[in-house]
Amino acid sequence: MTNTGPDVGFATLTGLIGVSGTKDGQDAEGHRDLRDPEVSPSDAPTTTTHLSDEQTAAHQALVDEWNEKLDGASAEEILDWVNQHVTGTVAVTMSMQDTVLAELTEGRVHDAEMVFLDTGYHFDETLDVARDVDARYSLPLRTVEPVYSVKKQDEVYGRDLYKRSPTACCRMRKVEPLARMLNPYEAWISGVKRVDSALRKDTPILDVDRTGRLKINPIAAWTDQDVEDYIESHDLIIHPLTTQGYPSIGCATCTMPVAPGEDPRSGRWANSSKTECGLHL
Ligand code: SF4
């Protein structure tokens, strides 16, 4: 398994792969240079379409009225609330590290779909869990992929972009596909927890994202022990690597095992200052 190196700048990258370009990703004639890791493939949108002002305002009103009231509620009560108050289809984001959100949402939020980002760099075990999830739950599972395969990304940006610029790699393989994926949905459910990191310690139960969509974090207040207890008591699908020293699982290329007692997320982008892929910022 290869670990990520530090995020390096454009000048270093062009030196490494032998191309020339400018910081805004254009060559001397003004053509976009896809070899610049700051420039995404142009075949698909990179951002989510904004909801209307009316929908955004309606979501903000829900947050204002309910966020504090739901803060002490159970995850099940929060999702029952979603079923009663959200009129459009809800996306349930699944990393496949665990299947808690699928279990909580199944039979509780009736207009919901599970979505899974297949970055092309997942562990085989993660893809096995995705297949098992699809078989176990009646919620539809939508798999979303980046514009470029790993092979194509290597050809265009140079091999192993994740080693040189994990931020650019995450942008093209996670953040932008998620942005496109969210277009049909009015709201999305995430498994972010306040204990995950300092950046997430103030995660609200309800939020309005930058596109006006309602973001629901039903297990924001859970501890890691709460997750373990729920998995055991509901006999959930177990990602095998979670029992082999990988408490936080992302792409195989950027995830290292963690010693007992260490920060569970310290195995993600280890030896790099990066701590978030950007999906939840
Ligand atoms: S976590 Fe995945 S998408 Fe992000 S830099 Fe690593 S390989 Fe790329």
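Index from 1, following the sequence. Just so we're clear, the structure is a prediction, and the values are computed from it rather than from any experiment. In each ligand, atom 1 is the first atom listed, and ligand 1 is the first ligand listed.
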Query raised in the report: What atoms of ligand 1 come closer than 4.0 angstrom to any heavy atom of Arg173?
Result: 3 (S)

Query - Numbering as shown, the atoms of ligand 1 that approach Tyr121 to under 4.0 Å (heavy-atom distance) - result: 7 (S)

Query raised in the report: Would you call Thr253 a ligand 1 contact, heavy-atom distance under 4.0 Å?
Result: yes

Report summary line: Between Leu141 and Met96, the two heavy atoms sitting closest are CD1-CE, 4.0 Å

**Report entry** Considering all heavy atoms, the nearest Val129-Ile238 contact
**Finding:** CG2-O, 4.4 Å

Report summary line: If we number the atoms of ligand 1 from 1 as shown, the ones under 4.0 Å from a heavy atom of Cys170 are 1 (S), 3 (S), 4 (Fe), 5 (S)

Query raised in the report: Relative to the heavy atoms of Tyr162, which atoms of ligand 1 are at a distance of less than 4.0 Å?
Result: 5 (S), 6 (Fe), 7 (S), 8 (Fe)

Report task. Run the salt-bridge test on Asp196 and Lys201 with the 4.0 Å N-O cut-off and return the result as yes or no. Result -> no

Requested in this report: May I ask you to say whether Asp128 pairs ionically with Arg131, meaning some side-chain N is under 4.0 Å from a carboxylate O?
Outcome: yes

Report summary line: Looking only at non-hydrogen atoms, the one of Cys169, Pro166, Ala168, Ser165 nearest atom 8 (Fe) of ligand 1 is Cys169

Requested in this report: Indicate whether any N or O donor in one side chain lies under 3.5 Å from an N or O acceptor in the other, for Glu103 and Tyr230.
Outcome: no

Query - Polar contact flag, side-chain donor to acceptor under 3.5 angstrom, Asp80-Gln84 - result: no

Report task. Check Cys254 against ligand 1 and report side chain, backbone, both or neither, counting heavy atoms closer than 4.0 Å. Result -> side chain

